[in-house]
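Presented below is the structure to which this report refers.
Residue numbers begin at 1 in each chain, while the letters A, B, ... track the order of the sequences. Predicted, not measured: the structure shown is a model, and the values here were computed from it.
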Amino acid sequence: MGVVAIRDLKQHAGETVTVRGWMFNRRSAGKLHFLQVRDGSGFLQCVAGRKDVDEATFELLGRVTQESSVQVEGEVRLEPRAPGGAELGVRRFEVIQMAAQPYPISIQDHGHGVDFLMEQRHLWLRGPKASATLRVRARVIQAIRDFFNQRDFTLVDPPILTPAACEGTTTLFNVEYFEDKAYLTQSGQLYMEAAAMALGKVYSLGPTFRAEKSKTRRHLTEFWMCEPEIAFATLDDIMSLAEEFVSFVVRRALETCGEEFKHLERDTKPLEKIVPPFHRIRYDEAVTKVRAAGVEMRDEDDFGTPQEMAIVGDSEKPVMVHRYPTAVKAFYMKRDPENEKRVLCVDVLAPGIGEIIGGGQRADDLAYLEEQIALHKLPRAAFDWYLDLRKYGSVPHSGFGLGIERTVAWICGNEHVRECIPFPRTIYRIYP
RNA sequence: UCCCCGCUAGCUCAAUGGUAGAGUAACCGGCUGUUAACCGGUGUGUUGGAGGUUCGAGUCCUCCGCGGGGAGCCA
């Protein structure tokens with residue numbers, strides 16, 4: 001008799017229940033109305049024949065508009081002709097608010113351009129594909145938390161307002177901070193290193209900001225990142241952690257997002273193959289592979305998108321590339337003791353999306369770090385606290401950052417990261 | 001910041017320099033099993049903006065604006 005979530009409807013076959021939600025679509029065949037109602041947990045077909053309800057209700061069913069908020073009472077029937085295998089035979093029907101016409105997104109996800117849909121993002125979220133992606137995102141984040149909590153990592157929240165650049169090179173959003181200037185964080189990493197020296201194994205999960213004028217389907221100015229950092233861990237340790245981590249998150253998505261993948265038309269077979277170990281390849285081997293694939297590659301240069309795609313090739317699993325040239329990586333990377341021109345870092349490249357993880361072993365020697373800070377022309381004073389970590393009980397340590405939206409895009413098979421965050425922020429979009 | 005592409009009806013798109021069109025949505029009518037239902041009917045325009053060339057510009061030229069894809073940078 002009570003209100004039932006559409007997701008759980010099949011367990012109530014034969015019972016009379018109430019569903020509350022919104023009109024998604026309506027089809028009418030004379031003396032028969034088919035309503036599609038969504039309630040946030042799923043989509044449901046409701047059927048009403050002329051004899052099933054009183055005359056006023058039947059007339060109302062014929063003119064109720066898309067997105068009107070409604071309450072439907074009826075009998076749950078298992079019905080193979082209905083999408084989802086179950087439907088509601090309408091007994092009572094009530095409109096809470098009749099939605100204005102026309103509705104801006106009349107045929108759900110169909111026939112609209114990205115720009116228009118982004119302008120209507122607050123309504124677009126209601127569509128089956130958008131809501132499925134957001135559910136996958138939520139479960140990916142839950143999986144991330146579970147993974148680290150199960151392994152006795154401590155959640156640490158680094159600051160969002162920061163006094164200076166973490167890496168100096170990238171552009172920061174600046175904000176007024178009373179009489180001073182402050183910046184929105186572009187990475188919590190340096191703070192996570194401090195936390196690792198206190199708590200051993202730590203991770204963060206939160207927003208990050210980059211004022212880069214990037215215009216690609218893999219970039220946002222505001223995105224979410226998960227950053228684990230581990231005292232005493234080496235590059236090899238975190239490469240193993242990264243592949244277990246990514247595999248865990250994908251497996252959890254497969255276990256919990258079956259309905260969502262159907263809505264997204266995501267073929268899950270490639271995801272089922274995501275298990276450790278991932279292919280590990282040195283930068284120098286990767287360069288050879290890129291050139292063998294006929295893609296241009298300069299000596300000692302970083303990889304761009306075409307190069308990353310060539311490295312992943314048609315591999316269904318992510319590929320881990322390690323030991324990049326010192327010159328193309330951040331100042332805090334630890335030098336490879338076997339080769340001065342290489343640092344102990346790793347990028348995890350996912351099929352179709354590219355880099356989802358970047359990380360490595362951190363420089364733990366005070367003199368080397370001071371030298372690097374000078375070399376990169378960074379303001380030494382801003383890093384005094386960071387250098388303290390190397391003065392007072394420095395140990396080898398490693399960590400990485402995983403981009404949430406890129407990971408969700410890869411798992412969902414979505415082409416754009418901006419579909420993987422509720423309200424995307426890009427260089428040309430801060431509305432809605 | 002650079003390169004390429006786009007901007008025409010609410011939306012998605014057509015239109016050799018020669019009367020501004022279709023599909024779809026919306027609205028009206030029909031249909032007892034529809035699946036983006038279908039069938040019939042009705043309306044819809046500062047062609048992103050400003051100049052210019054021309055007898056005539058949606059179309060060609062210049063500038064500007066807005067957006068998309070990519071580069072750089074990165075997750």
Side-chain angles (χ1 to χ4, degrees), chain A residues 24-36 43 45-52 58 62-63 65-66 77 79-84 87 89 99-120 124 127-128 166-172 186-189 206-227 296 301-309 328-330 347-350 353-359 400-410 415-418 420-421 426-429 431:
Chain A
F24 181 65
N25 202 356
R26 175 172 52 81
R27 288 182 284 272
S28 295
K31 309 291 183 294
L32 198 58
H33 294 300
F34 295 92
L35 315 180
Q36 285 199 291
F43 294 78
Q45 172 166 288
C46 305
V47 184
R50 174 149 274 176
K51 291 168 202 154
D52 299 332
F58 190 78
R63 64 183 170 86
T65 52
Q66 183 180 354
R77 297 194 291 249
E79 169 56 68
R81 288 174 293 185
E87 66 180 19
Q101 286 300 336
Y103 184 63
I105 314 178
S106 294
I107 345 177
Q108 298 88 39
D109 292 353
H110 292 277
H112 296 295
V114 175
D115 185 47
F116 173 76
L117 289 170
M118 279 302 172
E119 200 70 19
Q120 311 290 335
W124 188 21
C166 287
E167 304 179 19
T169 53
T170 36
T171 324
L172 296 164
Q186 60 178 349
S187 167
Q189 184 205 310
T208 303
F209 308 87
R210 304 266 166 100
E212 293 158 358
K213 298 191 170 178
S214 302
K215 295 181 63 177
T216 82
R217 62 173 183 272
R218 298 177 307 282
H219 286 86
L220 297 166
T221 54
E222 175 182 306
F223 65 98
W224 283 58
M225 197 154 61
C226 170
E227 297 181 282
E296 193 190 348
D301 200 4
D302 204 354
F303 300 122
T305 307
Q307 289 79 23
E308 285 185 359
M309 295 301 161
V328 301
K329 287 291 177 182
D347 281 0
V348 179
L349 309 179
I353 192 83
E355 184 178 356
I356 56 169
I357 284 179
F400 59 78
L402 171 118
I404 303 299
E405 290 77 16
R406 285 187 185 178
T407 303
V408 172
W410 169 52
E415 200 174 340
H416 295 77
V417 287
R418 53 191 89 171
C420 300
I421 186 166
T426 66
I427 174 170
Y428 292 129
R429 181 166 300 285
Y431 177 93

In whole Å, measure the gap between the [atom1] atoms of [N] and [M] for me.
N: U42(B); M: U47(B); atom1: P; value: 26 Å
N: C3(B); M: G21(B); atom1: C1'; value: 35 Å
N: C74(B); M: C61(B); atom1: C1'; value: 40 Å
N: U1(B); M: A14(B); atom1: P; value: 30 Å
N: A25(B); M: G67(B); atom1: P; value: 30 Å
N: G43(B); M: C2(B); atom1: C1'; value: 46 Å
N: G58(B); M: A9(B); atom1: P; value: 14 Å
N: A71(B); M: G49(B); atom1: C1'; value: 29 Å

Under 4.0 Å, counting only non-hydrogen atoms across every strand here, what does [X] touch: a base, just sugar-phosphate, or nothing?
X: Gly358(A); result: sugar-phosphate
X: His219(A); result: base
X: Thr208(A); result: nothing
X: Gly354(A); result: nothing
X: Ile356(A); result: sugar-phosphate
X: Glu405(A); result: nothing
X: Arg418(A); result: sugar-phosphate
X: Ile357(A); result: sugar-phosphate
X: Glu79(A); result: base

5'-most contact on RNA chain B (nearest-nucleotide basis), Thr216(A) vs Arg50(A), goes to Arg50(A)
Which comes earlier along RNA chain B counting from the 5' end, the contact point of His416(A) or that of Val47(A), where each point is its nearest nucleotide?
Val47(A)
Excluding sequence neighbours, so at least two apart, what forms side-chain contact (heavy atoms from CB on, under 4.5 Å) with [X]?
X: Val114(A); value: Met118(A)
X: Arg27(A); value: Asn25(A), Phe34(A), Gln36(A), Gln45(A)
X: Pro102(A); value: none

Only counting residues at least two apart or in another chain, list the ones meeting salt bridge (charged side-chain N to carboxylate O under 4.0 Å, His left out) with [X].
X: Arg429(A); value: Asp115(A), Glu119(A)
X: Asp301(A); value: Arg298(A)
X: Arg50(A); value: none
X: Glu227(A); value: none

Just to verify, what does Phe43(A) make a ring-ring contact (aromatic ring centres under 6.0 Å, His included) with, not counting sequence neighbours?
Phe24(A), His263(A)
Taking only residues two or more places apart in sequence or in another chain, which ones pass ring-ring contact (aromatic ring centres under 6.0 Å, His included) with Tyr428(A)?
none
For the side chain of [X], counting heavy atoms from C-beta on, which of [options] is nearest?
X: Arg210(A); options: C31(B), C11(B), C74(B); result: C74(B)
X: Lys51(A); options: G33(B), A75(B), U32(B); result: U32(B)
X: Glu212(A); options: C27(B), G33(B), C74(B); result: C74(B)
X: Arg27(A); options: U34(B), C73(B), G33(B); result: U34(B)
X: Asn25(A); options: C31(B), A36(B), C11(B); result: A36(B)
X: Met225(A); options: A75(B), G72(B), A26(B); result: A75(B)
X: Pro83(A); options: U32(B), A75(B), U34(B); result: U34(B)
X: Arg218(A); options: U34(B), C74(B), A71(B); result: A71(B)
X: Gln101(A); options: A26(B), A75(B), U32(B); result: A26(B)
X: Phe34(A); options: U12(B), G33(B), C27(B); result: G33(B)

Could you run down the sub-3.5 Å N/O contacts of the protein with nucleotides 1-3 of chain B?
from	atom 1	to	atom 2	distance (Å)
U1(B)	OP1	Lys213(A)	NZ	3.2
U1(B)	O4	Lys213(A)	O	3.1

Closest heavy-atom contact between [X] and [Y]?
X: Val328(A); Y: Asp302(A); answer: CG1-N, 3.8 Å
X: Ile353(A); Y: Ala409(A); answer: CD1-CB, 3.9 Å
X: Phe58(A); Y: Gly49(A); answer: CE1-C, 3.7 Å
X: Arg26(A); Y: Arg63(A); answer: NH2-CA, 4.1 Å
X: His219(A); Y: Val417(A); answer: N-CG2, 3.6 Å

Side-chain donor/acceptor of Arg406(A) to base of C74(B), under 3.5 Å
yes
Using only modelled atom types and a 3.5 angstrom limit, is any donor from either the side chain of Glu87(A) or the base of G33(B) paired with an acceptor on the other?
yes
Is any side-chain nitrogen or oxygen of Arg81(A) closer than 4.0 Å to OP1 or OP2 of U32(B)?
no
If one requires at least 3 consecutive Watson-Crick or G-U pairs with distances under 3.5 Å, the stems of RNA chain B turn out to be B:1-7 with B:65-71, B:10-13 with B:21-24, B:26-30 with B:38-42, B:48-52 with B:60-64
Name the pairs: protein N/O against N/O of nucleotides 63-66 of chain B, kept only if under 3.5 Å.
none

Check the distance between [N]'s [atom2] and [X]'s [atom1] and give it to me in whole angstrom.
X: Phe116(A); N: C13(B); atom1: CZ; atom2: P; result: 12 Å
X: Arg429(A); N: G69(B); atom1: CZ; atom2: C1'; result: 15 Å
X: Gln120(A); N: C11(B); atom1: CD; atom2: C1'; result: 10 Å
X: Leu35(A); N: G33(B); atom1: CG; atom2: P; result: 16 Å
X: Asp302(A); N: G72(B); atom1: CG; atom2: C1'; result: 11 Å

Step through the shown structure and confirm whether more than 12 heavy atoms of other residues, nucleotides or ligands are within 6.0 Å of CD on Glu296(A).
no
